[in-house]
Amino acid sequence: AQTVTQSQPEMSVQEAETVTLSCTYDTSESDYYLFWYKQPPSRQMILVIRQEAYKQQNATENRFSVNFQKAAKSFSLKISDSQLGDAAMYFCAYRISRGGTSYGKLTFGQGTILTVHP
Amino acid sequence: DAMVIQNPRYQVTQFGKPVTLSCSQTLNHNVMYWYQQKSSQAPKLLFHYYDKDFNNEADTPDNFQSRRPNTSFCFLDIRSPGLGDAAMYLCATSPRLAGGYEQYFGPGTRLTVT
């Protein structure tokens, strides 16, 4: 079974600084996707960034980038120039590409609460 | 704007009194999911529909049922809510099961059981 682990229950960062959230996962599959979702307080969860396992290039979306290390099964999220609006719970998630009993399902990590200090 | 809508946003029910939560979508997505999220925890998948095909997670209690009368709507029925069922319930949609398609989440319904 696939598992996703976020070892940092809470993180904090000063506004305009950079923060990195950690995520590791365990899978025997070779073809899968990894995601970071953001859940602000009392607001809906939204996708921040996604990474296809077969792509070596790290995904980037504006201030958000990932460090994907497939051999190490590591998928960290870097937030540059942090803003107050980045404060949220961040979930790392895994999804198999096709087939199997986990088809179509997201496996979430435990989440990391990010606080941004002005 | 296309979106996932959940009603009501807050629901209070009594112990043992059946309750229904509603989800609708304007995205015309094939897949609809129901998650249970307890305080500061990861969402836990209860079940999902691919079109009319229902897929129940092995550890979802029998107390939880779902209906999808058409593409746009999906309902979560809790037949006899217990105190342990108090949680946020999230509905999500996705175009397909395969690949890296994003799941689009609704704002959730917070269920309180008294």
Side-chain angles (χ1 to χ4, degrees), chain A residues 1-6 8-10 23 25 29 31-55 59 61 66 68 75 88-115, chain B residues 1-10 23-27 29-51 53-60 87-110:
Chain A
Q2 299 86 8
T3 59
V4 178
T5 302
Q6 295 177 246
Q8 305 155 317
E10 298 182 25
C23 173
Y25 59 96
E29 302 292 332
D31 195 10
Y32 51 87
Y33 290 82
L34 296 164
F35 305 84
W36 279 98
Y37 278 87
K38 170 186 177 182
Q39 188 176 36
S42 301
R43 293 177 61 189
Q44 64 205 80
M45 195 175 309
I46 58 171
L47 178 67
V48 175
I49 198 166
R50 97 190 78 200
Q51 175 78 42
E52 299 158 84
Y54 65 86
K55 286 189 175 180
E61 288 286 344
V66 298
F68 174 49
F75 182 61
M89 173 83 93
Y90 286 81
F91 290 100
C92 178
Y94 163 101
R95 184 179 187 180
I96 194 170
S97 289
R98 64 181 71 82
T101 57
S102 299
Y103 190 45
K105 302 174 189 176
L106 280 175
T107 300
F108 286 94
Q110 303 93 320
T112 297
I113 298 172
L114 178 66
T115 302
Chain B
D1 288 341
M3 57 176 53
V4 181
I5 302 161
Q6 291 189 245
N7 286 307
R9 294 292 307 277
Y10 300 91
C23 177
S24 64
Q25 54 133 340
T26 60
L27 299 161
H29 284 172
N30 290 319
V31 191
M32 294 187 78
Y33 302 86
W34 278 105
Y35 291 90
Q36 179 192 65
Q37 186 180 25
K38 297 194 174 179
S39 182
S40 299
Q41 295 182 19
K44 177 181 178 297
L45 182 64
L46 296 173
F47 24 61
H48 74 274
Y49 276 94
Y50 180 73
D51 287 336
D53 291 336
F54 177 70
N55 295 271
N56 198 32
E57 292 300 294
D59 57 355
T60 297
M88 177 75 84
Y89 289 88
L90 302 176
C91 176
T93 72
S94 187
R96 299 185 185 282
L97 290 173
Y101 288 98
E102 176 182 351
Q103 288 191 16
Y104 294 79
F105 286 83
T109 295
R110 183 165 296 283

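Proteins get letters first, then strands, A, B, ... in listed order; numbering begins at 1 in each. The structure displayed is predicted, hence computed values, not measured ones.
- Side-chain contact check for A:W36 versus A:E61: every heavy-atom pair is 4.5 Å or farther apart.
- Of the two parts of A:M89, only the side chain, counted from C-beta on, holds a non-hydrogen atom closer than 4.5 Å to a non-hydrogen atom of chain B.
- Only the backbone of B:Q41 has a heavy atom closer than 4.5 Å to any heavy atom of chain A.
- Side-chain contact, B:Y35 with B:Q37: no donor N or O sits under 3.5 Å from an acceptor N or O.
- Using a 4.5 Å heavy-atom threshold, the side chains of B:H48 and B:V31 count as touching.
- Contact check for A:F91 versus A:L106: no side-chain heavy atoms found under the 4.5 Å cut-off.
- In this structure, B:F54 and B:F47 have tilted ring planes: the angle between them lies in the 30° to 60° band.
- Heavy-atom distances place no part of B:Y104 under 4.5 Å from chain A, backbone and side chain included.
- For the pair A:A59 and A:R50, the tightest heavy-atom approach, listed with the atom from each and the gap, is CB-O, 3.2 Å.
- With a 4.5 Å cut-off on non-hydrogen atoms, A:Q51 does not touch chain B at all.
- At a 4.5 Å heavy-atom cutoff, B:R110 makes no contact with chain A through either its backbone or its side chain.
- Only the backbone of A:Q110 comes within contact range of chain B, judged by heavy atoms closer than 4.5 Å.
- The number of heavy-atom neighbours closer than 6.0 Å to NZ of A:K55, taken from other residues, nucleotides and ligands shown, is 12 or below.
- For chain B, the option among A:Q6, A:Q44, A:R43 with the highest count of heavy-atom pairs below 4.5 Å is A:Q44.
- When B:S94, B:G106, B:G100, B:A42 are compared by the number of non-hydrogen pairs under 4.5 Å with chain A, B:G100 comes out ahead.
- Looking at A:Y37, only its side chain comes within 4.5 Å of chain B, counting heavy atoms on both sides.
- With a 4.5 angstrom heavy-atom cutoff, B:S40 touches chain A via backbone and side-chain atoms both.
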